[in-house]
There are 2 protein chains.
Amino acid sequence: MEIKEIFNNYLKNGTLKITTPRVKILKFIKFTKEHFDADDIYNNLKENQQKISLASIYRTLALFLKNGVIRIVTHAGRKAKYEFVKDNPHHDHMICIKCGKIIEFKNDDIEYMQKKVCEKYNFILKEHNMELRGLCKNCYKKRKK
Amino acid sequence: MEIKEIFNNYLKNGTLKITTPRVKILKFIKFTKEHFDADDIYNNLKENQQKISLASIYRTLALFLKNGVIRIVTHAGRKAKYEFVKDNPHHDHMICIKCGKIIEFKNDDIEYMQKKVCEKYNFILKEHNMELRGLCKNCYKKRKK
DNA sequence: ACCTTAATTGAGAATAATTTTCAATTTCAA
DNA sequence: TTGAAATTGAAAATTATTCTCAATTAAGGT
Ligand SMILES: [Mn+2]
Ligand SMILES: [Mn+2]
Ligand SMILES: [Zn+2]
Ligand SMILES: [Zn+2]
């Protein structure tokens with residue numbers, strides 16, 4: 001089964017256990033297309049009579065994050081949003097300040113220039129995040145009226 | 001005096017008052033070279049027998065932010081960090097994940113490409129933030145040993 | 001200088017997100 | 001099947017920020 005694979009591939013720390021809460025959370029994370037936060041997991045599981053304590057959700061998110069199962073999308077609004085990593089390569093986000101819509105994109109020229117500018121400063125680039133905030137097509141049209 | 005100028009230039013809302021707390025905070029913000037958060041202001045003023053309530057600091061930061069006196073540097077780590085705007089045009093940040101050092105930089109090619117990619121998505125870009133995380137020169141050297 | 005009053009402040013309570021504590025439960029290797 | 005080590009849930013604790021409200025203060029008119 002694939003869930004077990006993920007545990008073996010990403011969480012191969014000698015003492016880690018494959019527990020029910022971890023499996024449930026991983027399943028949720030794996031099948032959601034959207035970005036999610038701790039409450040999203042909590043509420044979804046609760047709705048499906050699979051309730052898990054928030055504490056365990058936060059603990060599991062930290063574990064998954066450390067092991068590269070998920071990554072942080074944004075921390076703005078002082079609430080952390082995550083996304084699943086597998087089959088979802090790095091990209092950046094445009095965020096509509098009116099409706100909250102998120103557009104995912106990737107621009108290789110920008111990625112390349114980021115590396116270049118880091119070289120110039122003798123900075124070893126490990127990761128980055130870039131958020132472009134503004135108005136999506138729809139909201140811009142509405143606002144013009 | 002220059003403090004009053006800033007109030008007149010940035011905070012010219014009919015009913016706003018130039019109060020002692022606001023002046024103290026503005027002075028701190030103006031003379032600090034570093035990025036700062038609410039606690040930095042609180043602690044610095046307290047050390048100088050100029051104590052102001054945290055509530056007022058948060059209120060003033062919100063006011064300054066809305067009026068373009070300061071801007072948000074990052075919200076990561078769930079604590080908002082700001083910087084003074086005047087004589088400090090837009091730039092982005094490299095952040096050392098080892099020692100926390102922050103390198104400020106600006107790359108016009110990247111800025112240009114950001115606009116371009118937004119056009120492609122019919123997205124009206126208002127602002128952005130970009131954080132490059134990795135190892136600064138010093139920390140990289142140390143780590144190699 | 002003195003009034004008036006709307007704006008602002010400080011203290012502390014309230015909220016939101018996340019983390020910690022700890023006794024009870026579960027996993028898994030032997 | 002057993003038992004130690006890891007993990008969990010519930011509740012308390014922490015952190016960052018916002019709100020409430022009575023007391024104070026800035027600033028325009030007199
Ligand atoms: Mn995404
Ligand atoms: Mn800066
Ligand atoms: Zn929108
Ligand atoms: Zn460093």
Side-chain angles (χ1 to χ4, degrees), chain A residues 1 3-4 6-8 10-28 35-46 48-67 69-70 72-82, chain B residues 1 3-4 6-8 10-28 35-46 48-67 69-70 72-82:
Chain A
M1 68 140 58
I3 294 291
K4 217 159 200 166
I6 293 175
F7 272 99
N8 292 330
Y10 290 84
L11 306 162
K12 48 190 162 197
N13 167 328
T15 60
L16 266 180
K17 289 177 179 173
I18 302 183
T19 64
T20 327
R22 283 176 182 163
V23 171
K24 283 176 184 167
I25 293 172
L26 185 51
K27 277 185 181 160
F28 170 85
H35 302 145
F36 54 84
D37 58 33
D39 285 326
D40 293 332
I41 300 176
Y42 181 78
N43 293 138
N44 180 287
L45 291 182
K46 199 162 78 174
N48 294 61
Q49 289 76 46
Q50 311 267 107
K51 187 168 154 178
I52 289 173
S53 75
L54 259 180
S56 289
I57 291 173
Y58 277 110
R59 281 186 289 237
T60 304
L61 285 174
L63 176 72
F64 285 2
L65 186 62
K66 186 170 58 163
N67 290 278
V69 178
I70 57 178
I72 284 203
V73 175
T74 173
H75 222 288
R78 81 198 92 100
K79 198 172 180 177
K81 290 257 176 200
Y82 306 85
Chain B
M1 64 140 60
I3 294 290
K4 217 159 200 165
I6 293 176
F7 272 99
N8 292 331
Y10 290 84
L11 306 162
K12 48 190 161 196
N13 166 329
T15 60
L16 266 179
K17 289 177 178 173
I18 302 183
T19 65
T20 326
R22 284 175 183 164
V23 170
K24 285 177 183 167
I25 294 172
L26 185 51
K27 278 185 179 157
F28 170 85
H35 301 146
F36 54 84
D37 58 33
D39 285 326
D40 294 331
I41 300 175
Y42 180 78
N43 293 137
N44 179 286
L45 292 182
K46 198 163 78 173
N48 293 60
Q49 288 77 43
Q50 311 265 107
K51 188 167 151 176
I52 289 174
S53 75
L54 259 180
S56 288
I57 290 173
Y58 277 109
R59 281 186 289 239
T60 305
L61 284 175
L63 176 73
F64 285 2
L65 187 62
K66 187 170 57 163
N67 290 278
V69 177
I70 58 179
I72 284 203
V73 175
T74 173
H75 221 287
R78 81 205 82 104
K79 198 171 180 179
K81 290 255 174 203
Y82 306 86

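Lettering follows sequence order; numbering is per chain, from 1.
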> Taking CG from A:D40 and P from C:dA16, how many angstroms apart are they, rounded to a whole number?
Replying inline: 16 Å
>> Pairs counted only when both distances fall under 3.5 Å, Watson-Crick or G-U: show me the 5' to 3' dot-bracket for DNA chain C, [ ] for pseudoknotted crossings and | for other-strand partners.
In response: ||||||||||||||||||||||||||||||
>> Distance check needed: C:dA7 C1' versus B:L11 CG, whole Å only.
In response: 14 Å
>> Would A:L54 and A:D39 count as a side chain to side chain contact (heavy atoms under 4.5 Å, CB included) here? Give the steps.
In response: CA-CA 8 Å; A:L54 259 180; A:D39 285 326; 4.1 Å; yes
> How close do B:D40 and B:H35 get, heavy atom to heavy atom, and via which atoms?
Replying inline: OD2-O, 4.1 Å
> Considering only side-chain heavy atoms of A:A38, which listed nucleotide, C:dC28, C:dT20, C:dT18, is closest?
Replying inline: C:dT18
>> Can you measure B:I52 atom CD1 to C:dT8 atom P for me and round it to whole angstrom units?
In response: 14 Å
> Which part of the nucleic acid, if any, lies within contact of B:A80, taking any heavy atom under 4.0 Å across all strands shown: a base, the sugar-phosphate backbone alone, or nothing?
Replying inline: sugar-phosphate
> Given A:K24 and A:N48, is the side chain to side chain contact (heavy atoms under 4.5 Å, CB included) satisfied, shown in steps?
Replying inline: CA-CA 11 Å; A:K24 283 176 184 167; A:N48 294 61; over 6 Å; no
> What are the two closest non-hydrogen atoms of A:F36 and A:I70, and how far apart are they?
Replying inline: CZ-CG2, 4.0 Å
>> Once you apply a heavy-atom cut-off of 4.0 Å, does A:R22 come out as touching a base, just sugar-phosphate, or nothing?
In response: sugar-phosphate
> Which heavy-atom pair separates B:K17 from B:R22 by the least distance, and what is that distance?
Replying inline: O-NH1, 2.9 Å
> First and last nucleotide of DNA chain D touching chain A, 5' to 3', heavy-atom cut-off 4.0 Å?
Replying inline: D:dA5 to D:dT18
> Separation of A:L65 atom CG from C:dT19 atom C1', in whole Å?
Replying inline: 15 Å
>> Assuming nearest nucleotide by heavy-atom distance, tell me which of B:R59 and A:T20 is located more 5' along DNA chain C.
In response: B:R59
>> If I take atom NZ in residue A:K66 and atom P in nucleotide C:dT19, what distance separates them, rounded to the nearest angstrom?
In response: 13 Å
>> I need the single residue from A:T74, A:V73, A:L61 that forms a side-chain contact (heavy atoms from CB on, under 4.5 Å) with A:Y82. Which is it?
In response: A:L61
>> Nearest whole Å is fine: how far is C:dT18 C1' from A:I72 CD1?
In response: 12 Å
> With a 4.0 Å cut-off on heavy atoms, is B:K79 in touch with a base, just the backbone sugar-phosphate, or nothing at all?
Replying inline: sugar-phosphate
> Looking only at side-chain N and O atoms, does A:Y58 come under 4.0 Å of OP1 or OP2 in C:dT19?
Replying inline: no
> CZ of A:F7 versus C1' of C:dC28: gap in Å, rounded?
Replying inline: 14 Å
>> In this structure, how many angstroms lie between the C1' atom of C:dT27 and the NZ atom of A:K4, rounded?
In response: 11 Å
> Could you walk me through whether B:F7 and B:V23 pass the side chain to side chain contact (heavy atoms under 4.5 Å, CB included) check?
Replying inline: CA-CA 9 Å; B:F7 272 99; B:V23 170; 4.1 Å; yes
> Between B:A76 and A:H75, which heavy-atom pair has the shortest distance, and what is it?
Replying inline: CA-CB, 3.9 Å
> If each of B:D39 and A:T60 is mapped to the nucleotide of DNA chain D with the nearest heavy atom, which maps nearer the 5' terminus, i.e. the 5' end?
Replying inline: A:T60
>> The test is side chain to side chain contact (heavy atoms under 4.5 Å, CB included); show your working for B:T60 and B:I41 and say whether it passes.
In response: CA-CA 11 Å; B:T60 305; B:I41 300 175; over 6 Å; no
> Does a side-chain heavy-atom distance below 4.5 Å link A:L45 with A:I25?
Replying inline: yes
> Among C:dC28, C:dT27, C:dG10, which nucleotide sits nearest the side chain of A:T19?
Replying inline: C:dT27
